[in-house]
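Here's the structure we're looking at; comments come further down.
Values in this document were obtained by computation on a predicted structure and should not be read as measured data. Residue numbers start from 1 in every chain, and the chains themselves are labelled A, B, ... in the order their sequence lines are given, proteins ahead of strands.
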Amino acid sequence: MHSNGISTDTYALCGSITASSSLRNVEFGKQIHSHVAKSGWISSVFVGSALIDLYAKSSLIADAAVMFDEIPLKNSVCANALLSGFCEAKLWIEGLELVRKMPGLNLDYDHFTLSAMLRACTGLSAIDLGRQVHGYLIRKVYNLADDVFLQSSLVEMYGKCGLVMKALQVFNFAGMRWGGEKRRDVVLWTSMLGVYGRNGHFEEGILLFEEMLKEGIEPDEVAFVTVISACGHTGQIQLGLEYFDCMSRVYKLIPGPEHCSCVVDLLCRAGEVERAVKVVNEMLGEGRNKCSVSLWVALLSACSDGGNVELGEYAAKRALELDPQNVGVYVQLSNLYARLEMWDEIGQLRDTMKQRGLKKDSGLSWIQVTS
DNA sequence: GTAGGGTTAG
């Protein structure tokens, strides 16, 4: 269109930018950006928001922030686009700072803002602020029960802070108002399922999954990861395998590496290492190439827990053949050696990692203590 | 008629 000399307008520009965003083609988006800068449409808040979104989704958060600053007449939409970029990048403090600046810029909080704030609270385990946002929602948002995004953000926030009953209360409230209507979608159900899982309530999680099926909600890939993992924790091998099987048979979903490793983990937890190896081989035989690394890693992880050196080393070798840069494999193998006090082997492993220029990230965690 | 949100195991 442009090369034919036809002038573009903001509608066409927004369309092209969102298209390059969904195709994950940042380069094309950047080209449009420089074109926009010359055309004079750069001050359009519509075009600006689309560009912020493109940069934020391409992990170019600094570029997104610059774009935001350059929009002369800002509105909530462009602020929210940057805000969700911060949350996506786990820059929760930066996100909350932006939220604090919004009133001064004459920007109102809407559902998008509040849902992103809750995500930041979840990331920071900031229960006090999270409660304040919930209070604000109850007071100011009359149609809270209509918004599954806000509901699931609340469920996640309470769950992350360990308040399982509060999460359940929100989840039940979301279902209550609509009686027979299916207002709770699969993501909201999965959020609650995940809260149970992360807090060790695996039995309840499995029951909730069954309840979801009874309500006629179609489970997705994420729901299956969570429920198969829950089965692993309760030792319900048969049930876990049935879920794995019905994923493709009944729901026509293609199991990914994460499902395969859940199944391996489930079998190994139950001490069925032989059977796990058999499953790995079967899966590889079926040509699930994408699964192969994670299958060996899952097997290695299980061997690490059980102190099975021989099989662990074999699994590590196979995993590294496929992905030599995988630091996780070295860490797992090192854990296995440490468990059995095989210090010489750990030394060798460190040397190998150094030679290959690999480094393990150090861990970090924090919580807020409820006052 | 254009732009922005929530779920994944180990």
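Contact annotation for Lys74(A): no contact, since no heavy-atom pair falls under 4.0 Å across all strands. Within 4.0 Å (heavy atoms only), Ser261(A) reaches at least one base atom of the nucleic acid. The residue Thr18(A) sits close only to the backbone: its heavy atoms come under 4.0 Å of sugar-phosphate atoms, none of a base. No contact: Leu118(A) has no heavy atom under 4.0 Å from any strand. Looking at heavy-atom distances under 4.0 Å, Glu156(A) makes contact with sugar-phosphate atoms alone, never a base. Within the 4.0 angstrom heavy-atom criterion, base atoms lie near Ser49(A). Backbone-only contact: Ser84(A) has heavy atoms under 4.0 Å from sugar-phosphate atoms and none from a base.
Between Arg198(A) and dT8(B) there is a side-chain polar atom (N or O) within less than 4.0 angstrom of OP1 or OP2. Taking 4.0 angstrom as the limit, Arg269(A) places a side-chain polar atom (N or O) nearer than this to OP1 or OP2 of dG10(B). Taking 4.0 angstrom as the limit, Lys160(A) places none of its side-chain polar atoms (N or O) nearer than this to OP1 or OP2 of dT7(B).
Comparing atom distances between the Ser229(A) side chain and each of dG6(B), dA3(B), dA9(B) picks out dA9(B) as nearest. Between dG5(B), dA9(B), dT8(B), one nucleotide has an atom nearer to the side chain of Asp53(A) than all others, and that is dG5(B). If you check dT2(B), dT8(B), dT7(B) against the side chain of Thr226(A), the one that comes closest is dT8(B). Relative to the side chain of Phe112(A), the nucleotides dG6(B), dG10(B), dG5(B) differ in distance, and dG5(B) lies closest. Between dA3(B), dA9(B), dG6(B), one nucleotide has an atom nearer to the side chain of Val187(A) than all others, and that is dG6(B).
Counting atom types as modelled, Ser152(A) pairs no side-chain N or O with a base atom of dT7(B) as donor and acceptor under 3.5 Å. Contact annotation: side chain of Ser153(A) to base of dG6(B), donor-acceptor pair absent below 3.5 Å. Side-chain atoms of Asp147(A) come within donor-acceptor range of the base of dG5(B), with a qualifying N/O pair under 3.5 Å.
Between Leu51(A) atom CG and dA3(B) atom C1' there is a gap of 10 Å when expressed in whole angstrom units. Residue Glu218(A) contributes atom CD, which lies 16 Å from atom C1' of dT7(B) at whole-angstrom precision. If you measure from atom CG of Asp265(A) to atom C1' of dG10(B), you get 6 Å, rounded to the nearest angstrom. When rounded to the nearest whole Å, the span between OH of Tyr196(A) and P of dA9(B) equals 17 Å. We find that CD of Glu88(A) is positioned 12 Å from C1' of dT7(B), with the value rounded to whole Å. Residue Leu150(A) contributes atom CG, which lies 14 Å from atom P of dG5(B) at whole-angstrom precision. Summarising the geometry, the separation between CG on Leu144(A) and P on dG6(B) is reported as 17 Å, rounded to the nearest angstrom. When the C1' atom of dT8(B) is taken as reference, atom CH2 of Trp189(A) falls 18 Å away, rounded to whole Å.
Within the 3.5 Å criterion, the main-chain N or O of Val77(A) finds a donor-acceptor partner in the side chain of Asn75(A). Looking only at distances, no side-chain donor or acceptor of Ser125(A) sits under 3.5 Å from a matching main-chain atom of Cys121(A). Lys160(A) places a side-chain N or O within donor-acceptor distance of the main-chain N or O of Thr122(A), the cut-off being under 3.5 Å.
Between atom SG of residue Cys231(A) and atom CG of residue Leu241(A) there is a gap of 9.0 Å, rounded to the nearest 0.5 Å. For the atom pair Ile217(A) CD1 and Met212(A) CE, the distance stands at 7.0 Å (nearest 0.5 Å).
Salt-bridge check for Glu211(A) with Lys214(A): failed, with every basic side-chain N at 4.0 Å or more from each acidic carboxylate O. With respect to the salt-bridge test (charged N to carboxylate O, under 4.0 angstrom), the residues Glu156(A) and Arg119(A) do not qualify.
The aromatic ring of Phe149(A) sits over the base of dG5(B), with ring centres less than 5.5 Å apart and planes inclined by under 30°.
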